[in-house]
Amino acid sequence: AASLMLMTAVAAASNSNKWRLQFSGGADSDGTIVLRLTPKDGQAMEVAIDIEDGRSENGVAKDVVEGLKDQVSERYHVERDDGEDVLIKKRHGAADFSVEILSNTVENVRINPDRE
């Protein structure tokens, strides 16, 4: 129970109305990026995006935008910025949310999430 409360506190402390995911490095393998988007006091959504070997960091960001749009566009606005960055914004009237990178099996691709 204590660890569940700690995880809840950590997630609540990291809510924002907009997130920037900064991608660096091209894909040196096929793999999957799994993200969890959790609105404050709401149901978490897990999103899995497949990435192909050889994709540039801009290509990886593009794939992530397309994957997010396919799966969460009802709740969030998703766009690419500066080629290698992905912006995720809450829709009007929606709750602030947190973003977690649950896993990334794509070799050489690094993801840096920042609240905005």
Side-chain angles (χ1 to χ4, degrees):
S3 63
L4 179 60
M5 288 173 30
L6 177 61
M7 289 188 317
T8 302
V10 170
S14 63
N15 287 326
S16 182
N17 66 332
K18 179 171 51 171
W19 286 84
R20 177 179 299 270
L21 303 179
Q22 300 172 337
F23 289 86
S24 58
D28 286 344
S29 71
D30 289 344
T32 303
I33 295 170
V34 182
L35 306 173
R36 179 185 293 147
L37 286 70
T38 308
K40 182 179 178 184
D41 301 325
Q43 181 72 29
M45 298 177 70
E46 290 186 11
V47 179
I49 301 120
D50 292 327
I51 307 296
E52 292 183 6
D53 184 16
R55 296 290 281 161
S56 67
E57 63 188 25
N58 288 5
V60 171
K62 181 179 179 184
D63 292 345
V64 169
V65 165
E66 290 173 5
L68 285 169
K69 281 183 176 181
D70 287 345
Q71 299 178 57
V72 301
S73 63
E74 290 180 13
R75 287 191 191 176
Y76 305 102
H77 174 77
V78 183
E79 65 186 63
R80 223 165 40 139
D81 186 40
D82 296 332
E84 70 278 357
D85 291 355
V86 174
L87 296 178
I88 308 168
K89 305 173 190 177
K90 72 177 187 175
R91 295 259 182 217
H92 181 71
D96 286 356
F97 63 103
S98 65
V99 173
E100 299 170 82
I101 301 162
L102 297 182
S103 67
N104 174 12
T105 62
V106 186
E107 291 180 24
N108 195 45
V109 170
R110 294 167 305 286
I111 310 166
N112 182 31
D114 286 322
R115 291 187 306 164
E116 297 216 333

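No experiment lies behind these values; they were computed from the predicted model shown.
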Is the closest side-chain heavy-atom distance between Leu68 and Leu35 below 4.5 Å?
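The answer is yes; the side chains approach within 4.5 Å.
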
I'd like to check Asn15 versus Ser98 (side-chain heavy atoms, cut-off strictly below 4.5 Å). Are they in contact?
yes

Looking at [X] and [Y], what are the two nearest heavy atoms and their distance?
X: Lys40; Y: Ala95; answer: O-CB, 3.9 Å
X: Leu21; Y: Pro113; answer: CD2-CB, 3.6 Å
X: Arg91; Y: Glu74; answer: CG-O, 3.9 Å
X: Asp53; Y: Ala27; answer: OD1-O, 3.2 Å

Check whether Arg80 reaches the backbone of Asn58 with its side chain - one donor and one acceptor, N or O, closer than 3.5 Å.
yes

Give a yes or no on whether the backbone of Ile49 and the side-chain of Glu66 come within a donor-acceptor separation of less than 3.5 Å.
no

[X] [atom1] to [Y] [atom2] distance, which is reported to the nearest 0.5 Å:
X: Phe23; Y: Ile51; atom1: CZ; atom2: CD1; answer: 7.0 Å
X: Arg110; Y: Asn108; atom1: CZ; atom2: CG; answer: 5.5 Å
X: Ile88; Y: Lys69; atom1: CD1; atom2: NZ; answer: 12.0 Å

Could you tell me which residues satisfy side chain to side chain contact (heavy atoms under 4.5 Å, CB included) with Arg36, sequence neighbours excluded, listed by chain and number?
Thr38, Ala44, Glu46, Glu100, Leu102

What pairs with Glu116 under side chain to side chain contact (heavy atoms under 4.5 Å, CB included), at least two apart in sequence or on another chain?
Lys18, Arg20, Leu87

Kindly write out the residues that satisfy ring pair (Phe, Tyr, Trp, His ring centres under 6.0 Å) with Tyr76, not counting sequence neighbours, or none if the list is empty.
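By the ring pair (Phe, Tyr, Trp, His ring centres under 6.0 Å) rule, Tyr76 matches Phe97.
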
Side chains of Asp50 and Thr32: any donor to acceptor distance under 3.5 Å?
yes

Pick from Val64, Ile101, Val86, Val60: which one makes a side-chain contact (heavy atoms from CB on, under 4.5 Å) with Ile111?
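Single pass found, and it is Ile101.
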
